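See below for the structure under consideration.
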Amino acid sequence: MTRLVENWWADRPTLLPANTEVEHRAVAYLDRRALASQAARRSETVVDDLLRSATSAAEQSGHEATIRRTRVEVAHRAALAGDAQAWTDAITEVNALEAAGEYDEAAGALMALSRHPDPVMGTTLAQRAAELFRRAGKPHWEASALQAAGYAAAYTDPLLATTLLDRAFGLASQADRPQLAVAVVATQGKAAWIRGDLVKARALFADAVAGADHFGATDPFALRSEYAELLLADQAWADLREVANELADQAMASGAATELGIAHRLLGLAEHHLGADAAAVESLEPALAPLAERPDALTARTLWTLGSSWANLDRADLSVAPLSTAASRFGASGALADAAAAREAAGRNAQSVGQTGPAAVQLAAAAQLYRRLGERDRMVGSLTALAEAFSADERTDDALATLATVMDEARDVGGEMSIPEEERLLGRLELQAASVLARAARPDAAAEMFSAAERRLSRHGDADDQRALARIRATVEAD
């Protein structure tokens, strides 16, 4: 069906307009199916054009069932966009189709409507579709409907999901539809994954992939990539590397650039976690271009991994861009802790290779995020790193102003500090300020600040503070 949809979309301009009733019905059907095409997924304008074309073709055909089925699709799209009345309108059309004995059309409409934001309603609609397919004498479509019902039920009623999927598998087997049986086994794996049983999920997905290799599958790459995502979720890095290599072989055989990008992404993630950072970069870098328009695939975590791998390879200069982009995507999804960590890593890596301007931007953003999260120690770390970036950029006054704000910021975030904690932090800030002043050739101010830091840290500092005092004393006294 995927091939039919994509072929129709590609050839549609040369095949239209339709002329006969049969052709109009075919256009209405194919335009509805083309709503699942890659082009429609990328553009609401394409969706609107397809719905208008399908509606016009259905009306020109004069075929009542085709007209009602198209109305269901239009209503479903409106319902998903927030029109509550549209759900009722769609069911009204389904009821009319069933009353007219158009069981196939009614059941197909219910299958579309079962993609419902409420999984309980989705289960109910798919079960009703299964019953209509049974009445129509279509056991393989009944199995597909039970598969959809079982998947929806997995979110709310695991026992019902198991029952429905077992029935679906039985019907698919009895109907001698091995590819459908493979798809049902994969859905059983998804259901196990949803309920948190990753061991069972992995076993079922492995069976489904093996079945697809033997009997074929509607979309073998998608099936194997779902298995890979499960292995990723279970942090089964060695198994993920094996499956990702299989995906890469499939993608290269088909010449599909996006699929190869997905395979490289998964392989790079596995290599990184297995400690092979050079191999990770080799896989992740070529994944960037083909996945540029696929934020679902080119995730923040992927970019974080690429940046981290470059840093581990002592190429901090190449790590900054992917880490910065990862931070933006983490932030957009509400993962503020990850966004802050990515900003901080980008800033520190930029600072380590002398990119003081970008470092300051990233570290300031990290500090703001840590402040929102109430992460006092990490906020202080980002602010002191920001002050160091300003100092390295010869922005001495900005560095000192940043250090001057840290104490008040620290008191406001993360709860009350004890007197020794405050004294230790003040001493560390004074010590860093002494270093900044010495670098700026202000020896008197540097010596005064160093003396203040030494008094505090001699009483409240730890071993690291004593080593820092010795190191910066040499700098101050040299001036």
Side-chain angles (χ1 to χ4, degrees), residues 1-2 4-6 8-9 12 16 24-25 27-61 63-98 102 104-129 132 144-145 147-156 190 194 222 292-299 328-329 331-335:
M1 184 57 69
T2 300
L4 171 65
V5 166
E6 297 301 338
W8 165 248
W9 176 254
R12 186 173 176 271
L16 294 177
H24 285 305
R25 289 176 62 184
V27 170
Y29 171 78
L30 290 168
D31 277 351
R32 282 195 293 105
R33 298 310 302 240
L35 292 167
S37 67
Q38 291 294 329
R41 291 174 186 174
R42 290 192 295 263
S43 171
E44 284 301 314
T45 300
V46 170
V47 170
D48 292 341
D49 288 345
L50 287 169
L51 286 174
R52 279 193 296 270
S53 175
T55 299
S56 175
E59 290 173 350
Q60 290 182 71
S61 76
H63 188 259
E64 190 67 20
T66 300
I67 293 170
R68 291 191 182 278
R69 180 65 184 84
T70 305
R71 286 176 184 167
V72 171
E73 193 63 51
V74 173
H76 186 214
R77 293 280 167 165
L80 292 176
D83 184 348
Q85 177 61 36
W87 290 111
T88 302
D89 295 341
I91 294 299
T92 298
E93 297 295 343
V94 170
N95 292 341
L97 287 167
E98 181 180 356
E102 298 282 356
D104 279 359
E105 291 287 6
L110 286 166
M111 287 288 283
L113 295 174
S114 71
R115 297 191 293 275
H116 197 286
D118 178 1
V120 174
M121 182 58 70
T123 303
T124 300
L125 293 168
Q127 284 182 283
R128 183 180 170 188
L132 289 177
S144 292
Q147 177 191 4
Y151 181 63
Y155 290 93
T156 59
K190 293 178 188 177
I194 289 167
E293 296 182 4
R294 287 283 304 274
D296 59 320
L298 190 57
T299 60
S328 296
R329 294 195 178 184
S333 68

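The figures that follow rest on heavy atoms only: side chains count, while hydrogens, waters and symmetry mates do not. Predicted model only: the values in this text are computed from it and were never measured.
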Taking all heavy atoms of Ala112 and all of Glu73, pick out the closest pair and write down the distance. CB-OE1, 4.2 Å
Residues two or more places apart in sequence or in another chain: which of them pass side chain to side chain donor-acceptor pair (under 3.5 Å) with Asp49? Arg52
For Ala75 and Ala86, work out which heavy atoms get closest and say how close. O-CB, 3.2 Å
Roughly how far apart are Gln127 CD and Leu125 CG, rounded to 0.5 Å? 9.5 Å
Ignoring hydrogens, what is the shortest heavy-atom contact between Glu105 and Ala65? Give both atom names and the distance. CG-CB, 4.2 Å
Which atoms form the tightest heavy-atom contact between Ala109 and Val72, and what is the distance? CB-CG1, 3.7 Å
Go through the side-chain N and O atoms of Gln60 and Ser56 and say whether any donor and acceptor fall under 3.5 Å apart. yes
Do Glu44 and Arg77 sit within salt-bridge range, that is, some charged N less than 4.0 Å from a carboxylate O? no
Can you measure from CD1 (Ile91) to NE2 (His76) and round to the nearest 0.5 angstrom? 9.5 Å
Chi angles and distances behind the side-chain contact (heavy atoms from CB on, under 4.5 Å) call for Leu51, Leu35: CA-CA 8 Å; Leu51 286 174; Leu35 292 167; 3.8 Å; yes
Any pair counted as side chain to side chain donor-acceptor pair (under 3.5 Å), so long as it reaches residues 83-92, sequence neighbours left out: Gln85-Asp89
Determine whether Glu98 and Leu132 satisfy the following criterion, side-chain contact (heavy atoms from CB on, under 4.5 Å), listing intermediate values before the conclusion. CA-CA 8 Å; Glu98 181 180 356; Leu132 289 177; 3.6 Å; yes
If you take all heavy atoms of Ala28 and Ala54, which pair is closest and at what distance? CB-O, 3.7 Å
Where the side chain of Thr66 meets the backbone of Arg25, is there a donor-acceptor pair that is under 3.5 Å apart? no
Distance check, rounded to the nearest 0.5 Å: Arg69 atom CZ versus Glu93 atom CD? 11.0 Å
Specify the closest pair of heavy atoms between Thr156 and Pro119, including all atoms of both residues, with the distance to one decimal. CG2-CG, 3.6 Å
Ser114 side chain to Met111 main-chain N or O, any donor-acceptor pair under 3.5 Å? yes
Distance check, rounded to the nearest 0.5 Å: Thr70 atom OG1 versus His63 atom NE2? 11.0 Å
Any chance you could lay out the side-chain contact (heavy atoms from CB on, under 4.5 Å) test for Arg128 and Val94, step after step, and finish with the verdict? CA-CA 11 Å; Arg128 183 180 170 188; Val94 170; 4.0 Å; yes
Can you tell me how far the CD1 atom of Ile67 sits from the OG atom of Ser61, to the nearest 0.5 Å? 5.5 Å
Working to the nearest 0.5 Å, report the span between OH of Tyr151 and OG1 of Thr123. 11.5 Å
